[in-house]
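Note that ligands are numbered from 1 as they come in the structure, with each ligand's atoms numbered from 1 the same way.
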Amino acid sequence: MIERTAKNDRPDSLRAMNRTFIICKPDAVERGLVGQILARFETKGFSIVAAELRTLDADTLARHYAEHVGKGFYNDLVAFMSRGPAVVAVLEGPEGTWETVREMMGATNPMKSAPGTIRGDFGTEFTENLIHGSDSAESAAREIGIFFPELAN
Ligand code: IDP
Ligand code: MG
């Protein structure tokens with residue numbers, strides 16, 4: 001795992017607000033797009049504070065995707081997300097970084113994602129949509145706690 005110290009000097013209690021969790025999903029790894037995806041965030045000015053190539057198991061995915069357990073697409077989602085390694089990472093930037101990361105990802109359905117977004121530029125499949133990003137500051141803190149407990153406050 002790559003880990004480095006936060007660049008800011010805020011107290012630990014505020015840092016989670018400036019960090020968000022992403023997954024470059026198995027399709028991104030298979031297609032060799034991880035470098036391009038991470039480069040967009042780095043070029044934007046966000047820092048990678050943790051990153052690891054990791055194959056996700058069903059139990060971890062059930063915690064991560066708790067809100068989706070039992071939905072029609074859930075079994076396909078787990079099969080996809082566990083079929084090979086993904087890159088799990090934590091990005092850091094100014095307040096609201098999670099929201100800007102979501103905008104850079106694009107809409108969930110890549111056929112509807114705007115050109116210029118990651119999903120809009122690289123994908124066509126609803127489930128295989130390349131990237132996950134936390135959808136709120138609270139989700140970011142929860143997800144970082146699942147995947148990088150050593151970074152949790
Ligand atoms: P998000 O990743 O944009 O936050 P969510 O609604 O949280 O979207 O769904 C989680 C993931 O589940 C999506 O990124 C996608 O991979 C998959 N997914 C969501 N809805 C559908 C669907 O209707 N059909 C197929 N896959 C879906
Ligand atoms: Mg979501």
Query raised in the report: Please, which pairs that meet salt bridge (charged side-chain N to carboxylate O under 4.0 Å, His left out) have at least one residue in residues 63-91, sequence neighbours excluded?
Result: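 Listed once each, the pairs are Glu30-Arg83, Arg83-Glu128.
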
Any side-chain heavy atom of [X] sitting closer than 4.5 Å to one from [Y]?
X     : Y     : value
Glu95 : Asn18 : yes
Thr97 : Glu92 : no
Arg19 : Val49 : yes

Query raised in the report: Name the residues in contact with ligand 1, where contact means a heavy atom under 4.0 Å away: which are they?
Result: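 Contacting ligand 1 under 4.0 Å are Lys25, Tyr65, His68, Phe73, Leu77, Arg102, Thr108, Arg119, Phe126, Thr127, Asn129.
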
Query raised in the report: Do Phe147 and Phe21 have ring centroids that are under 6.0 Å from one another?
Result: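 Centroid separation for Phe21 and Phe147: below 6.0 Å.
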
Query raised in the report: Distance from Thr108 atom OG1 to Ile131 atom CD1, nearest 0.5 Å?
Result: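 With rounding to 0.5 Å, OG1 (Thr108) is 12.0 Å from CD1 (Ile131).
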
